[in-house]
Amino acid sequence: MTDGDYDYLIKLLALGDSGVGKTTFLYRYTDNKFNPKFITTVGIDFREKRVVYSTNSPNGTTGKAFKVHLQLWDTAGQERFRSLTTAFFRDAMGFLLMFDLTSQQSFLNVRNWMSQLQANAYCENPDIVLVGNKADLADQREVQEKQAKELADKYGIPYFETSAATGAQVDKAVVTLLDLVMKRMEQCVEKPTADAQNTDAASKLTAAPAAEKKCAC
Amino acid sequence: MAKKKEALNLSFLLEHEREMILSVLQKDEKLRKREEKRIRKLKNELLELKRGSRRSNSEQRECGVCLRALGLILQRGSVCDDCKRRVCSFCVAVSPNSSHSKCTVCAKTAELKVVTGEWFLEERAKRFDRVTLPSSDVIKQSILNSPPESAQRKVYQSRTNRTGTPQPERSPTPQSEKSVGGRSLGKKKIIKSLAVESSGRPTTPNNMRPQPDRLSAQAEGRKRPDGAESVYSFHSSDSIADKVCGGQNRKDSATPSIAVSRASLSSDRSRSELDLSNPGEGFANDSLPSRCHSVPGLNDAESDEDIDALLSAHYKTSRSVGSAQSVSSLNSMMSVYSETGDYGNARVSGEILLNISYSYKTGALNVLVRECRCLATGDERKQRTDPYVKTYLLPDKSRQSKRKTSIKNNTTNPVFNDNLRYVVSHSQLETRTLQVSVWHHDRFGHNSFLGETELTFDSWEFDTQIEEWFALQPRAEGSVDSMIQYKGELTVVLKYIPAERNLSLPLDQIQVKKGFLKGKKSITLPKGGMVELLVKEAKNLTAVKSGSSDPFVKGYLLPDDKKSTKHKTAVVKRSVNPRWNHTFTYCGLQHTDLDSVCLELTVWDKEPLASNVFLGGVRLGAGTGLSYGKEVDWNDSYGEEQRLWQRMIDNPEVPQECTLMLRSSMAKRKA
């Protein structure tokens with residue numbers, strides 16, 4: 001893990017209310033283990049994981065595989081660390097916005113977190129995945145899937161119900177976010193080319209999706 | 001300046017929290033270092049590729065990359081979308097969407113932008129154009145700058161945390177600040193009403209999992225059973241966290257009088273150094289003591305802009321492609337050059353013919369600057385170009401590494417045939433980069449930059465000769481590791497003799513240990529302990545003249561920067577591996593002083609007729625950043641320097657030998 005033998009360094013960040021399970025979620029993702037104890041994160045922490053990411057070329061076949069080094073920032077949900085944690089928003093390329101499915105309040109706060117992100121992330125509409133955690137605690141559930149899904153749709157972001165305890169959907173959520181970031185990265189580099197020659201008929205095809213894409217550049 | 005604006009007030013952090021956060025930040029710094037190294041490697045590859053390619057336009061019937069001739073009908077090649085050069089079919093990169101064609105150079109440049117994460121920095125720059133520091137550094141700075149809370153408040157804070165009541169002075173939900181842009185616009189109202197609703201309620205209560213667990217976890221403190229990496233790094237002995245908390249503990253101790261080295265010789269302060277600071281720069285910080293005149297690095301742009309330079313290195317890969325570049329990075333690179341130059345205006349064109357050879361026998365790198373052709377015009381108004389060529393053997397950007405050719409009058413195709421010579425071992429050379437820049441000499445105004453090229457030697461067969469045309473590039477790569485360049489190492493032996501022991505020692509025994517060259521020191525022994533420093537030897541110092549230097553070591557016991565604590569060794573003639581075996585003795589040091597003083601050792605090359613040349617230095621101390629309760633920038637020892645000092649304190653009367661890496665600059669380390 002300590003060598004520099006990777007193709008990309010991607011920095012993701014988990015945020016959300018205190019106690020929604022950001023740390024355990026990341027621990028599950030990186031080490032595939034579960035720690036049921038609640039240990040409040042002091043300010044900020046991060047974990048790392050090396051993954052292989054393969055692109056899909058247009059004709060459907062699997063393209064090149066890249067080694068991606070993930071730096072997963074874990075932030076304290078506690079209010080008193082807020083100024084510190086938001087300072088880290090601008091260094092992250094993608095975000096795991098988490099709430100607790102057994103806590104209506106944590107879900108309501110998603111909107112606040114969202115505006116925090118929009119104000120402090122590297123651009124106004126960064127790549128975000130909404131994550132409802134603790135899906136295993138079905139009997140204590142306070143947030144319905146439909147509710148959360150609607151909110152995610154409103155923001156135009158993917159939604160996953162995960163469980164750090166069982167590991168369900170944890171990988172899926174992170175991989176989806178990684179995918180979004182990698183796509184944006186390509187767009188950001190491709191676009192200047194498309195702008196440069198919009199007289200060309202062929203480039204119009206590439207310019208069209210560029211107009212609706214999320215990148216604010 | 002930007003640093004100050006970004007700083008946060010983090011004084012609410014408890015001491016153990018500060019430690020934990022700092023250890024995480026340190027872990028992050030390690031990761032970023034590794035990333036920088038990776039990026040540097042990638043950039044070298046691009047440079048390699050660019051080196052081969054030429055500047056030409058689409059009218060020319062030759063490939064812009066490999067110079068293969070192109071036909072009018074057959075073998076026409078295709079035009080690169082990015083650089084508009086016509087390239088042959090071998091030099092077109094295969095891109096996934098066939099509508100684009102790019103030459104290999106542009107493809108590689110684009111690829112680099114992705115893999116180095118530069119795309120991200122560019123995106124972010126559109127939003128926060130003032131962001132220059134990674135947040136980790138901002139936070140670190142903020143933490144180190146803000147004192148922790150008093151004990152009373154601590155108790156209160158930790159209690160409130162435990163019971164989960166909201167902090168009275170803060171609103172419990174994330175502040176919905178002015179919502180910016182796109183998606184949020186329509187929801188502004190909702191957000192507002194929500195914020196009101198939720199702010200009436202405590203933060204945490206119902207979103208916790210088992211409550212008792214939480215309590216016990218709190219009690220457990222930082223023992224984290226999940227085995228997070230940060231726990232391990234926390235224990236590493238050189239963590240800044242230790243340093244900081246150490247500093248805090250000592251802060252309250254009463255300020256003893258500065259009792260240092262009464263037994264020392266005075267000698268003239270060498271006039272050496274003044275010229276090292278750039279005349280145009282001005283002193284950035286007036287509050288610095290006069291000492292800064294004597295130590296290079298404090299004044300020059302490095303201290304303020306090193307982070308800038310590091311960061312801007314990220315931005316620089318694609319300058320030649322014409323993407324938006326931050327002006328600040330240009331400015332920060334100016335400090336490399338001794339004269340202020342004008343980079344902005346002159347267009348860059350043309351190429352330079354260099355003949356490069358290395359002689360094992362003499363250990364000399366010969367850079368024969370033959371000629372340039374098609375240079376840009378240096379002075380557009382007068383339509384005049386008086387070119388000369390300047391080289392540096394990076395990462396050394398000092399005067400010692402600068403070479404210049406003669407100035408040719410009014411020509412854009414100058415023929416120089418000037419040989420620029422460097423004496424450097426081949427193993428050293430492998431780590432160096434030759435930076436060749438062309439300048440227009442303006443007798444009255446600023447010299448203007450006409451282009452440059454960089455060559456690395458890591459893959460070069462030293463016994464072969466290169467004679468090649470190199471395309472001139474706009475201002476490019478800043479060497480990322482300029483701050484951590486290798487300047488050689490210094491071996492010292494430190495010993496602390498506490499007051500009790502000191503008095504019981506027979507007088508002559510102490511006398512013997514003082515430098516024999518300057519043995520006639522005062523015999524009246526002051527009270528207090530004594531620090532003995534044996535300056536043993538140095539290795540691999542920078543050679544200033546024809547393969548060697550005349551090095552000596554100068555020592556001050558800060559905060560006293562006057563003659564009273566100044567010691568010098570003898571000059572060892574013509575050696576880059578000198579052995580001095582010279583002892584500096586500092587008396588009157590109480591145990592409590594040891595955290596507040598710092599032994600600054602600098603190595604110099606003695607120049608009989610000119611200013612002495614700075615070769616490197618170390619600072620031995622506790623690295624607390626404090627001196628008798630005051631914040632100081634020189635108590636910044638770290639790593640081995642700091643450990644050695646600690647070992648000395650922990651093992652009184654036991655000599656502690658240590659070999660230290662020389663710092664390349666005595667500027668404040670970037671915190």
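Lettering follows sequence order; numbering is per chain, from 1.
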Using a 4.5 angstrom heavy-atom cutoff, name the option from L42(B), V114(B), L25(B) with the most pairs to chain A.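 Option with the greatest count: V114(B).
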Any chance you could measure [X], atom [atom1], to [Y], atom [atom2], to the nearest 0.5 Å?
X	Y	atom1	atom2	answer
R80(A)	E17(B)	CZ	CD	4.0 Å
N9(B)	L84(A)	CG	CG	11.5 Å
L13(B)	F81(A)	CG	CZ	6.0 Å
S136(B)	F88(A)	OG	CZ	4.5 Å

I need the minimum non-hydrogen distance between S83(A) and L10(B), along with the two atoms involved.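 Of all heavy-atom pairs spanning S83(A) and L10(B), the closest is OG-CD2, 4.0 Å.
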Which atom pair, heavy atoms only, marks the closest approach of W119(B) to C188(A)? CE3-SG, 4.1 Å
Does E48(A) come within less than 4.0 Å of R34(B), counting only side-chain N to carboxylate O? yes
Pair D5(A) + R38(B): basic N to acidic O under 4.0 Å: no
Counting only non-hydrogen atoms closer than 4.5 Å, does Y6(A) touch chain B with its backbone (N, CA, C, O), its side chain (CB onward), both, or neither?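 Both backbone and side chain.
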Which portion of Q140(A) sits near chain B, non-hydrogen atoms under 4.5 angstrom: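 Neither part; nothing is under 4.5 Å.
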May I ask you to check whether Y122(A) and E122(B) show a side-chain donor-acceptor distance below 3.5 Å?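 There is no such pair between these side chains.
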Can you sort out the partners of T24(A) under side-chain hydrogen bond (donor to acceptor under 3.5 Å, both in side chains), two or more places apart, ordered by chain and number? none
